[in-house]
Amino acid sequence: MQYWLMKSEPSVYGIDDLVRDGVTGWEGVRNYQARNFMRDEMKAGDLALFYHSNANPPGVAGVMRVVREAYPDDTAEQTSSPYYDTKTMRAGKSNPWVRVDLELVEKFAREVSLAELREDARLEGLMVTRKGSRLSIQPVEKKHFLHICRLGKSRFLSCAGFPKLCLLL
DNA sequence: GCCAACGTTGGC
DNA sequence: GCCAACGTTGGC
């Protein structure tokens with residue numbers, strides 16, 4: 001079981017979109033390091049923080065769970081998609097991109113801003129607080145994950161020892 | 001809108 | 001394989 005942080009711009013797809021959809025395919029990742037995390041390490045049941053990038057303010061908005069492991073991201077092959085990979089397709093190469101499916105676990109009662117993450121001594125070493133951290137999918141230490149849930153007034157965390165109650169969320 | 005950080009590309 | 005040019009990310 002691993003923990004992750006995944007970035008999305010709320011103007012493109014934010015936590016409220018996931019509240020509406022329930023489950024979503026994490027498409028459009030076009031960075032090899034981020035792809036490798038999805039392809040090689042993300043397992044069903046892993047938990048991920050939903051991070052709002054390019055937002056006011058940027059920060060963690062909630063928690064998701066991996067429900068389907070890596071499979072081809074065919075938006076790379078669709079000319080109509082904003083994520084169409086012109087270069088790869090024109091070169092006639094096979095589609096190298098994958099996505100995973102994630103379901104909403106919860107939207108935090110309060111969003112935890114990047115500034116707050118930076119100020120918190122208990123989150124030292126958290127990748128997203130490093131200046132210039134551009135990786136859109138990052139592994140997160142369990143202790144950091146749990147602390148961020150606490151800062152977000154997570155209901156999921158408060159009942160984590162009571163799996164039956166958690167099913168109600 | 002600016003710009004620092006950093007990934008990618010392509011000439012050599 | 002080096003590295004300059006270029007493109008993108010994302011905070012501010």
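At whole-Å resolution of the value, CG in A:D85 and P in B:dG7 are 18 Å apart. Rounding to whole angstrom units, OH of residue A:Y32 and C1' of B:dG7 are separated by 11 Å. Rounding to whole angstrom units, OH of residue A:Y83 and C1' of C:dT9 are separated by 14 Å. When the P atom of C:dT9 is taken as reference, atom CG of A:L114 falls 18 Å away, rounded to whole Å. C:dG10 atom P lies 7 Å from atom CZ of A:R134, rounded to whole Å. Rounded to an integer number of Å, the gap from A:L135 CG to B:dA5 P is 17 Å. The nearest whole Å value for the distance from the CG atom in A:N54 to the P atom in B:dG1 is 13 Å. Atom CG in A:N56 sits roughly 10 Å away from atom C1' in C:dG11 (whole-Å rounding).
Residue contacts shown for A:R130 are limited to sugar-phosphate atoms, with no base heavy atom under 4.0 Å away.
The nucleotide whose nearest atom lies closest to any side-chain atom of A:S136 is, among C:dG11, C:dG10, B:dA4, C:dG10. Of the candidate nucleotides B:dG10, C:dC12, C:dG10, B:dG10 has the atom nearest to the side chain of A:K87. Listed nucleotides B:dT8, C:dT8, C:dG11 differ in distance to A:S53; the shortest reach to its side chain belongs to C:dG11. Taking only side-chain atoms of A:R118, from C-beta outward, the nucleotide of B:dA5, C:dG10, C:dC12 with the closest atom is C:dC12.
Legend: residues meeting side-chain hydrogen bond (donor to acceptor under 3.5 Å, both in side chains) with A:R30, ordered by chain and number and at least two apart, are A:D73, A:T75.
OP1 or OP2 of C:dG10 has at least one side-chain nitrogen or oxygen of A:K7 nearer than 4.0 Å. Using a 4.0 Å cut-off, some side-chain N or O of A:K131 falls inside it from OP1 or OP2 of B:dA5. Close to C:dT9, at under 4.0 Å from its OP1 or OP2, lies no side-chain N or O of A:Y51.
Both A:L126 and A:L114 are members of a single hydrophobic cluster when ILVMFWY side chains are connected at heavy-atom separations under 4.5 Å.
Put simply, the side chain of A:R118 gets close to the backbone of A:T129: a donor and an acceptor are under 3.5 Å apart. A:D21 contributes no side-chain N or O that, together with a main-chain N or O of A:V23, makes up a donor-acceptor pair within less than 3.5 Å.
In this structure, the ring of A:W97 has its center less than 6.0 angstrom from the ring center of A:Y32.
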